[in-house]
Amino acid sequence: MYALAIFLPLIAAVITGLSSRWIGDRGAHIVTCGAMALSAAIAVVIFFDVAVGGNTRDVLLFTWIASDRLDITWSLRFDQLSAVMIAVVTIVSSAVHFYSIGYMHHDPHVPRFMAYLSLFTFSMLMLVTADNFVQLFFGWEGVGLCSYLLIGFWYDRPSANAAAIKAFVVNRVGDFGFALGIMGVFFLFGSVSFDVVFGATPEKAAARLDFLGLDFHALTVLCILLFIGAMGKSAQLGLHTWLPDAMEGPTPVSALIHAATMVTAGVFMVARLSPMFEYSPVALALVTVVGASTAIFAATVGLCQNDIKRVIAYSTCSQLGYMFFACGVSAYAAGIFHLMTHAFFKALLFLGAGSVIHAMSAEQDMRKMGGIWRMIPFTYAVMWIGSLALAGIPFFAGYYSKDIVLEAAFAAGSWMGQYAFWLGLLAALLTAFYSWRLLFMTFHGAPRADEKTMAHVHESPLSMTGPLAVLAAGAVLSGYLGYALFVGDHNHDFWGKSIFVLPTNTALYDAHHVPGWVKLAPIVVAVAGIAIAWWMYMARPGAAAAVADRFRPLYLFFYNKWYFDELYDRVLVKPAMRLGRGLWKDGDGAMIDGIGPDGIAAATRSFARRASRLQTGYVYHYAFAMLIGVVILVTWNLYTTAG
């Protein structure tokens with residue numbers, strides 16, 4: 001039965017994709033939503049049996065590859081970590097599926113969209129239940145493929161096509177490192193099975209790797225390569241540029257990518273590979289620094305964005321940074337806990353934003369909204385709930401998970417832990433500010449939309465508000481219900497062997513004993529951020545523009561996303577295009593084709609053209625040619641005879 005939870009989305013995707021002309025929109029909804037609801041129900045059973053009850057198991061399906069030392073089975077790993085992820089993925093995905101019924105109602109390609117959503121969910125489920133690196137890579141690439149299909153779903157829009165290609169290409173950069181890491185694992189351990197690799201890791205803790213005459217710590221190299229893959233998939237600083245552009249896809253896609261599937265894959269992977277990362281302090285330090293830097297980077301950019309979905313997208317990027325630096329200080333349980341709570345309130349915020357966009361006739365610019373909170377009161381209420389959870393206000397989900405992440409970073413007692421704590425605290429201030437900036441600009445103040453748009457504003461149908469209610473409940477309750485199990489003093493009893501932490505790495509345990517000001521600080525900065533947003537956008541509506549003018553260079557730096565896109569365009573994209581065009585025009589066109597097939601063809605045509613001029617049709621020309629021929633033959637004969 002457990003395997004059914006994994007394969008139901010695939011079955012639904014195949015049925016819907018292959019029979020879309022016959023089952024139509026309604027049939028696609030019934031098949032995909034029904035399969036996802038059943039999968040989510042089984043996932044809840046799996047959670048209580050495996051995660052809470054401790055009844056872990058592996059379900060062997062078949063032998064996938066058997067070649068010399070390379071022996072890969074296709075198995076489903078049901079342990080505490082995978083059980084948590086299965087529950088999160090299926091519940092959030094179910095909400096997104098049902099929400100899509102209303103949101104995509106007028107789209108002419110509903111079956112294709114629903115099939116893509118289900119295939120996306122299946123790929124993520126395969127990723128989190130993998131019991132070896134190659135199977136993990138299969139799910140890893142599966143979510144990458146589905147993200148390409150879903151981001152570019154409206155393929156008639158050039159911006160959507162460009163965003164899909166960008167996401168695909170940037171992730172290939174990370175996946176190249178990930179693939180090298182998997183190859184390195186097989187080279188070092190002679191296996192790609194998690195159990196074999198994890199069991200042999202202590203013996204390989206001091207192993208060295210010789211490359212081009214240089215000597216490296218083997219596990220550090222492997223963990224960094226694998227983390228590069230996580231950076232691409234989870235949009236960490238440097239490989240983050242695809243994430244905001246992913247907003248070109250339909251809003252349910254944004255919710256699914258940003259909440260429970262693709263972007264959380266990197267965090268899950270680091271937690272799954274904790275038995276390897278624990279033996280590489282350098283790799284853990286890198287994870288911490290990159291995560292903390294991403295958290296503050298994305299928070300500063302989110303301050304200045306005006307597209308409602310892009311603000312939430314940068315919020316996702318920032319919160320992923322929290323998850324990573326939690327893992328970097330060996331508080332993997334705290335990172336997964338924040339992943340779980342974040343899935344609920346971030347999906348709520350994205351789908352709430354979709355409800356706003358639905359009400360505002362597809363308008364996404366917050367500068368053209370305002371004054372609509374009375375017209376869509378339910379959407380307004382759930383956006384408040386999601387924002388309170390995101391800001392970490394007691395006693396919403398984010399209060400429990402984000403605070404324990406910050407406390408663990410402080411308790412780590414290392415320079416990178418302090419780096420993560422203080423940047424995370426500043427990011428918490430900025431998060432609260434831009435969350436309430438979004439609320440005030442979207443729902444309050446004088447209406448800034450035209451009369452036609454304002455006349456159309458209405459609350460979303462039940463198919464959209466129902467899933468919002470489910471996610472709102474998760475945003476309120478998931479932190480309180482999960483705190484003791486996930487990160488309490490006895491959390492190791494809950495996680496069992498699914499997460500490994502060396503006895504010397506006690507950051508999560510020490511997090512419960514940090515000074516009182518450390519526990520209070522995240523709440524104080526959250527309230528301060530909300531107060532500043534209220535003052536700038538409600539009490540003094542012109543204050544935001546005045547601040548932007550006063551600090552215009554800094555504002556433009558944040559607004560233009562630290563100029564990462566411009567930098568990559570100048571350093572990588574344009575030189576690559578010039579090189580490609582040169583190879584095309586001069587190399588392929590002029591040299592290869594010019595000398596090769598085109599050159600031979602041109603020479604043949606020229607020879608034929610010249611030869612054809614001899615065929616004039618005049619008898620005296622032919623007689624003259626014959627006479628010349630006779631003279632040449634006679635001369636040649638006389639010459640040879642005389643010789």
Side-chain angles (χ1 to χ4, degrees), residues 9 32-33 36-37 39-41 43-44 47 84-104 117 120-121 124 250-264 308-309 311-313 315-316 319-320 336-359 376-393 395-402 431 435 438-439 442-443 459-482:
T32 56
C33 294
M36 279 311 311
S39 180
V44 173
F47 176 81
V84 170
M85 293 299 298
I86 292 168
V88 171
V89 170
T90 54
I91 292 172
V92 173
S93 183
S94 295
V96 171
H97 274 71
F98 281 97
Y99 180 93
S100 300
I101 296 174
Y103 191 86
M104 302 294 290
L117 284 184
F120 200 173
T121 306
M124 188 65 187
T251 299
V253 174
S254 304
L256 196 57
I257 291 177
H258 287 247
T261 55
M262 182 168 169
V263 297
T264 62
I308 187 171
K309 287 172 63 177
V311 174
I312 304 173
S315 170
T316 297
Q319 297 305 306
L320 288 166
I336 296 298
F337 183 40
H338 193 48
L339 183 156
M340 184 268 290
T341 61
H342 174 266
F344 287 106
F345 62 73
K346 188 52 59 69
L348 176 64
L349 286 171
F350 264 115
L351 297 185
S355 185
V356 171
I357 295 168
H358 176 80
I376 47 175
F378 183 83
T379 299
Y380 177 63
V382 298
M383 289 293 284
W384 261 88
I385 292 172
S387 299
L388 289 167
L390 174 61
I393 300 298
F395 292 91
F396 293 84
Y399 163 72
Y400 296 95
S401 61
K402 187 161 72 174
T431 298
S435 296
L438 183 151
L439 284 173
T442 302
F443 295 101
E459 190 59 88
S460 299
L462 181 62
S463 60
M464 294 171 65
T465 56
L468 288 174
V470 173
L471 294 172
V476 174
L477 300 174
S478 61
Y480 171 76
L481 295 177

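In this structure, Gly352 and Thr379 approach most closely via the heavy-atom pair O-CG2, 3.6 Å. Of all non-hydrogen atoms in Gly479 and Phe337, the two that sit nearest each other are O-CZ, 3.4 Å. The two residues Leu348 and Leu468 make their nearest non-hydrogen contact at CD1-O, 3.4 Å. The two residues Val263 and Ile257 make their nearest non-hydrogen contact at CG2-O, 3.0 Å. The two residues His258 and Ala313 make their nearest non-hydrogen contact at CE1-CB, 3.6 Å. Of all heavy-atom pairs between Ile312 and Ala353, the closest is CD1-CB, 3.8 Å.
Between atom CD1 of residue Ile86 and atom CD1 of residue Ile91 there is a gap of 11.5 Å, rounded to the nearest 0.5 Å. Within the model, atoms CZ of Phe350 and CG of Leu256 stand 11.0 Å from one another, a figure rounded to the nearest 0.5 Å. One distance of note links OG of Ser254 with CG of Leu349; it measures 12.5 Å at 0.5 Å rounding. In this structure, NZ in Lys309 is found 11.5 Å from OG1 in Thr316, a value given to the nearest 0.5 Å. Rounding to the nearest 0.5 angstrom, the gap separating the NZ atom in Lys346 from the OG1 atom in Thr341 is 10.0 Å.
Inter-residue side-chain proximity for Ser478 and Met340 is flagged as met; some heavy-atom pair is nearer than 4.5 Å. Looking at heavy atoms from C-beta onward, Thr442 lies in side-chain contact with Ile308 at the 4.5 angstrom threshold. At least one side-chain heavy atom of Leu438 sits less than 4.5 Å from a side-chain heavy atom of Met383.
With sequence neighbours excluded, no residue forms a ring-ring contact (aromatic ring centres under 6.0 Å, His included) with Phe344. By the side-chain contact (heavy atoms from CB on, under 4.5 Å) test, Ser435 pairs with Ser387, Leu390, Thr431, sequence neighbours left out. For Tyr380, the side chain to side chain donor-acceptor pair (under 3.5 Å) test picks out Trp384, His444, with sequence neighbours left out. Taking Phe395 as the reference, Tyr399 meet the ring-ring contact (aromatic ring centres under 6.0 Å, His included) condition, with sequence neighbours excluded. Partners of Pro377 under the side-chain contact (heavy atoms from CB on, under 4.5 Å) rule, at least two apart in sequence or in another chain, are Glu459. The side chain to side chain donor-acceptor pair (under 3.5 Å) test applied to Tyr103 returns Thr251, not counting sequence neighbours. Applying the side-chain contact (heavy atoms from CB on, under 4.5 Å) criterion to Ala87, with sequence neighbours excluded, gives Phe47. Evaluation of the side-chain contact (heavy atoms from CB on, under 4.5 Å) rule for Val476 yields Ile385, Phe396 as partners, not counting sequence neighbours. Residues satisfying the side chain to side chain donor-acceptor pair (under 3.5 Å) test with Lys402, not counting sequence neighbours, are none.
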Name every donor-acceptor pair, under 3.5 Å, that has one atom in a side chain of residues 94-101 and the other anywhere in the protein, sequence neighbours excluded.
residue: Ser94; atom: OG; partner: Met36; partner atom: O; Å: 3.0
residue: Ser94; atom: OG; partner: Thr90; partner atom: O; Å: 2.7
residue: His97; atom: ND1; partner: Ser93; partner atom: O; Å: 2.8
residue: His97; atom: ND1; partner: Ser93; partner atom: OG; Å: 3.4
residue: His97; atom: NE2; partner: Ser118; partner atom: OG; Å: 3.0
residue: Tyr99; atom: OH; partner: Leu351; partner atom: O; Å: 2.6
residue: Tyr99; atom: OH; partner: Ser355; partner atom: N; Å: 3.0
residue: Ser100; atom: OG; partner: Val96; partner atom: O; Å: 2.7

